[in-house]
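In what follows, chains are A, B, ... by sequence order, proteins preceding strands, each numbered from 1.
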Amino acid sequence: MADDKEREGPDITVAEFHKKIKDAFEVFDHEANNTVDVREIGTIIRSLGCCPSEGELHDLIAEVEEEEPTGYIRFEKFLPVMTEVLLERRYRPVPEDILLRAFEVLDPSKRGFLLKEELIKYMTEEGEPFSQEEMEEMLSAAIDPESNSVHYKDYIAMMVIDES
Amino acid sequence: MGSGTSTQHHFAFQNAEKAFKAAALIQRWYRRYMARLEMRRHCTWRIFQSIEYAGQQDQVKLHDFFSYLVDHFTPSSNHERDFLDRMFTEDRFPQDSEKFGDYESIEVPDNYTGPRLSFPLLPDHATALVEAFRLKQQLHARYVLNLLHETRKHLIQLPNINRVSTCYSEEITVCGDLHGQLDDLIFIFHKNGLPSPERAYVFNGDFVDRGKDSVEILMVLFAFMLVYPKEFHLNRGNHEDHLVNLRYGFTKEVMHKYKTHGKKILKILKDVFCWLPLATLVDEKVLILHGGVSDMTDLELLAKLDRHKIVSTMRHKTRKENGKQMKKGEANQKSSAGRPTPWFLPQSRSLPASPLRLGSLQAHRAGRSSSIPCGAPRDAKELARQVRHSVDLELDRCRQQAGFPVSRGTEEASLCTPEADSGAEEPLEPTQEEWRQVVDILWSDPMAQEGCKANTVRGGGCYFGPNVTERLLQKYNLQFLIRSHECKPEGYEFCHSRKVLTIFSASNYYEVGSNRGAYVKLGPALTPYIVQYQANKVTHMLTMRQRISRVEESALRALREKLFAHSSDLLGEFKKHDADKTGLITLSDWAEAVESVLHLGLPWRMLRPQLVNSSTDNTLEYKSWLEDLAKEQLNRENIQSSLLETLYRNRSNLETIFRIIDSDHSGFISLDEFRHTWKLFSSHMNINITDDCICDLARSIDFNKDGHIDINEFLEAFRLVEQSCSEGNASDCPQTTNTN
């Protein structure tokens with residue numbers, strides 16, 4: 001969503017970023033008091049165009065949390081940190097072809113698909129494992145029920161169209 | 001051996017590392033995808049909510065319109081005066097209360113295959129009714145009226161606050177807003193069981209409006225209430241109100257389903273609604289009411305007042321604070337009796353004769369008096385003052401009868417002691433305090449911050465904070481509050497440290513897949529047990545992604561329509577950001593401009609990708625963007641785009657005004673009335689459309705050229721109404737979003 005390339009000078013860019021961050025933050029500011037639940041921060045950061053790993057996310061949260069964590073993140077703390085992230089273009093998302101190669105690593109025999117059990121194994125045992133909920137949600141959209149497998153090239157294509 | 005194994009290990013390790021990294025990459029990407037879906041879901045919700053509440057604010061604007069009319073409109077002819085009369089006169093107190101639900105003369109034809117009722121109702125009848133409605137049958141008007149008549153008799157003996165005990169029935173199920181969604185009610189009975197002496201139910205208001213089966217829901221609820229009077233309870237909601245119904249679809253539904261007897265049905269319903277209890281108390285510990293509370297909520301007062309006096313919460317009363325009140329009926333009794341009627345007052349309107357009517361003309365503002373002396377005026381100035389005063393009286397009476405805010409300028413009447421009236425009439429208007437108490441419990445919403453402030457979004461009631469809740473619970477020794485009134489994504493929501501539970505039972509309220517419905521069960525321990533559902537098979541088969549897409553598309557459609565409706569203002573605003581007249585503005589300016597025109601408080605930068613198709617270099621060619629918007633909406637080439645835009649923007653208000661003018665609910669208004677309405681409306685709204693244009697428009701709609709316009713045809717001709725709902729399609733038709 002926030003993929004626009006800023007061509008103007010840095011000040012305008014910062015102002016732009018501030019507005020974008022504010023908009024995204026406000027969506028989750030249910031009590032209209034410039035705070036959001038810490039559990040929503042990941043969603044906010046990711047919808048601003050960043051693609052951090054869980055580990056990187058935890059580091060970010062530590063930066064914006066209060067000294068004594070309250071479970072809430074204040075906008076005043078979030079804004080400067082997030083602006084830096086956007087200015088430095090940190091946590092850029094992977095391009096489609098790299099993603100495809102990742103799937104191919106998991107499919108060394110180059111069948112073009114992964115079996116449901118294989119997908120489950122990799123996603124819940126490797127990397128930064130999915131929760132059961134995350135796994136179920138991915139399966140519901142990815143798995144072709146007839147073959148009980150995910151044709152990852154089509155899957156990626158489908159998800160990418162969704163985003164644009 | 002050694003090096004071989006280590007190479008194998010090395011490769012194995014490398015492969016494992018690669019797999020680890022690949023998995024991590026995929027997970028990272030996937031989580032971002034899900035986060036963006038989540039964001040879209042939230043934004044979609046915001047769109048629906050802001051459009052819904054913006055619609056309610058329009059109600060305030062509608063009131064302003066009528067106030068404006070009454071304040072500024074000088075009838076220049078008898079004809080126009082009559083027209084104004086028609087707009088404001090309401091037959092509030094029927095002369096003959098026996099005529100209520102006069103159903104016995106209505107014959108049911110032999111070929112009627114729908115359900116038949118006989119009274120007293122038996123449980124089987126109620127069950128059969130549910131089944132009949134499930135099979136899409138319609139109850140004959142005779143039985144509708146009969147049922148309403150019996151319902152009214154029953155309701156009259158109920159107290160304002162129902163008291164229920166869990167010793168009686170083992171469990172109590174509380175349901176929230178249904179809004180005409182019969183599928184949800186049927187589902188609840190199917191999943192939770194039908195009402196019975198062991199299974200008590202409380203329905204917490206807002207049974208009607210918006211959905212398409214409000215009539216059927218009422219029939220079922222009233223039937224069960226008659227069959228199980230001790231176990232089945234109903235609370236009044238803010239939509240159980242004939243003025244609100246004019247706007248939100250219930251009036252239309254009744255007239256559509258019951259063409260011959262609809263008017264009778266609406267009439268008795270108006271009364272039935274006022275007799276609905278205001279709240280229910282379970283075991284003296286759990287208070288159930290529709291909206292909420294305020295820092296002034298006084299349960300004793302609420303229990304004592306005559307709830308029947310509150311015909312509509314849309315009525316404002318402005319009693320003077322000093323509490324001086326006129327004896328009812330006297331003021332105008334005098335004016336109707338001895339005083340000569342000023343020559344310019346409409347002769348056509350006769351002052352009411354029956355004592356009942358007189359009561360309704362009471363001076364509701366203290367100090368309002370029959371200060372016009374009976375004798376001849378002394379001089380021109382005096383005459384002028386008298387005349388002005390009596391005109392004010394008349395206008396206020398109109399306003400009051402129609403239930404719209406009374407102009408404050410007319411409050412300065414001089415005091416005049418009324419003559420002693422032997423038979424003081426029973427007050428037929430609530431006091432300001434009583435009215436306010438009821439509005440508060442029917443319209444308020446909880447908020448997170450402490451305190452209590454006016455609910456400006458809804459235009460009535462307040463926002464109440466956790467401290468208000470706490471104080472109330474302590475004052476009356478209660479455990480918690482159950483209320484409804486607000487749609488929640490999960491069908492329910494706790495707040496104020498779980499002291500307030502919102503329960504909302506209309507699933508898919510905004511659109512198929514938009515939200516769940518829920519109901520809550522209470523046992524003797526009074527621990528709330530929540531059950532959620534979504535009464536539409538389609539949603540279960542969709543993935544989250546598909547569900548969100550569908551709902552989102554619906555929200556965006558509504559939003560684009562709203563944008564179109566403000567095209568002219570948007571163009572003006574865009575131009576302000578384009579000083580050099582390049583035809584381009586930045587996307588950031590776009591977001592600012594749109595918010596400053598629409599005032600919806602939406603995260604426009606988040607929504608931008610879905611609303612603005614292609615933008616290169618972070619700029620937008622705004623004129624062609626607006627043209628694209630128009631192309632989506634226009635379906636009649638011969639109608640000016642700007643006119644269409646205006647109609648869209650004012651759709652709900654126009655519809656409401658039409659229905660008020662159409663006082664006999666025939667569904668038709670004359671061409672003249674249409675033109676008059678439009679003239680008045682456009683002058684108030686400063687809309688610049690020539691009369692000729694309107695005449696052409698009117699004539700083009702009068703399809704059969706008989707000088708009358710079918711209101712529905714008019715609205716449908718401009719796609720101002722969701723066609724699928726008026727055709728009574730299956731349950732997965734989108735709910736009418738009341739956009740303007």
Side-chain angles (χ1 to χ4, degrees), chain A residues 1-8 12 15-16 19-20 22-28 30-33 40 42-47 49-54 56-57 91 93-94 98-99 101-106 108 122-123 125-130 134 137-138 140-141 152 156 159 162-164, chain B residues 15-46 447-449 463 465 493 495 541-546 548-549 586-589 591-592 595 601-610 614-619:
Chain A
M1 279 184 193
D3 293 320
D4 305 292
K5 313 237 177 316
E6 304 294 336
R7 304 258 172 99
E8 283 88 350
I12 301 180
E16 272 303 298
K19 288 183 203 158
K20 284 193 173 123
K22 186 161 192 293
D23 260 7
F25 194 88
E26 273 179 359
V27 174
F28 291 93
H30 302 300
E31 304 177 6
N33 58 358
E40 319 266 35
T43 309
I44 297 173
I45 294 174
R46 286 172 170 133
S47 62
C50 300
C51 197
S53 67
E54 291 290 285
E56 288 163 336
L57 190 59
Y91 316 129
V94 290
I98 306 288
L99 188 59
R101 275 208 256 146
F103 273 101
E104 285 171 349
V105 164
L106 304 180
Y122 283 122
M123 293 295 105
E125 292 176 21
E126 301 282 354
E128 294 175 315
F130 275 171
E134 284 175 308
E137 186 53 51
M138 183 187 216
S140 72
Y152 45 83
I156 295 172
M159 306 277 262
D162 237 9
E163 301 200 321
S164 51
Chain B
N15 285 339
E17 207 189 335
K18 276 166 78 177
F20 185 93
K21 282 198 178 140
L25 207 94
I26 295 171
Q27 286 153 347
R28 219 175 89 188
W29 162 83
Y30 182 77
R31 281 174 171 134
R32 175 170 171 260
Y33 174 80
M34 290 309 289
R36 285 158 67 128
L37 244 151
E38 184 67 12
M39 176 60 91
R40 276 164 62 189
R41 189 173 75 78
H42 272 84
C43 286
T44 301
W45 189 258
R46 288 281 299 271
M447 65 174 175
Q449 295 92 335
Y463 288 117
E493 191 175 271
C495 66
M541 298 193 297
L542 299 173
T543 62
M544 170 144 96
R545 181 189 133 258
Q546 287 169 317
I548 291 179
S549 297
T586 66
L587 290 172
S588 175
D589 287 341
E592 262 181 53
E595 177 57 27
L602 289 173
W604 294 105
R605 286 172 191 83
M606 291 278 107
L607 296 170
R608 202 257 316 143
Q610 268 101 325
S614 52
S615 53
T616 50
D617 297 5
N618 191 34
T619 56

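Among A:K22, A:E26, A:R46, A:E40, the residue with the largest count of heavy-atom pairs under 4.5 Å with chain B is A:R46. The choice from B:M447, B:R31, B:K18 that makes the most heavy-atom pairs within less than 4.5 Å of chain A is B:R31. Top candidate by heavy-atom pairs under 4.5 Å with chain B, chosen from A:I45, A:V105, A:N33, is A:V105.
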Kindly determine whether A:H30 and B:H42 satisfy side-chain contact (heavy atoms from CB on, under 4.5 Å), including the steps that lead there.
CA-CA 11 Å; A:H30 302 300; B:H42 272 84; 4.0 Å; yes
Mind running side-chain contact (heavy atoms from CB on, under 4.5 Å) on B:I26 and A:L106 for me, showing each step along the way?
CA-CA 10 Å; B:I26 295 171; A:L106 304 180; 3.7 Å; yes
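Salt bridge annotation for B:E592-A:K19: present, with a cationic side-chain nitrogen under 4.0 angstrom from a carboxylate oxygen.
Contacts of B:R46 with chain A are made by side-chain atoms alone, with heavy-atom separations under 4.5 Å and no backbone atom involved. For chain B, the nearby parts of A:E134 are the backbone and the side chain; heavy atoms of each come within less than 4.5 Å. For chain B, the nearby parts of A:V27 are the backbone and the side chain; heavy atoms of each come within less than 4.5 Å. Heavy-atom distances place the side chain of A:F28, and not its backbone, under 4.5 Å from chain B. Only the side chain of B:Y30 has a heavy atom closer than 4.5 Å to any heavy atom of chain A. With a threshold of 4.5 angstrom between heavy atoms, A:I98 approaches chain B through its backbone and through its side chain. Looking at A:P52, the atoms closer than 4.5 Å to chain B (heavy atoms on both sides) all sit in the backbone: N, CA, C or O.
The heavy-atom pair separating A:G42 from B:A35 by the smallest distance is O-CB, 4.5 Å. The two residues B:A23 and A:E126 come nearest to each other via the heavy atoms CB-CB, 3.6 Å. B:M606 and A:A24 get closest at one heavy-atom pair: CE-CB, 3.7 Å.
To the nearest 0.5 Å, atoms CG (A:D23) and CZ (B:R608) are separated by 11.5 Å. Rounding to the nearest 0.5 angstrom, the gap separating the CE atom in B:M39 from the CD1 atom in A:I44 is 6.0 Å.
In this structure, the side chains of A:C51 and B:R32 come closer than 4.5 Å at one or more pairs of heavy atoms.
Judged by distance alone, the side chain of A:E128 and the main-chain N or O of B:R28 form no donor-acceptor pair under 3.5 Å.
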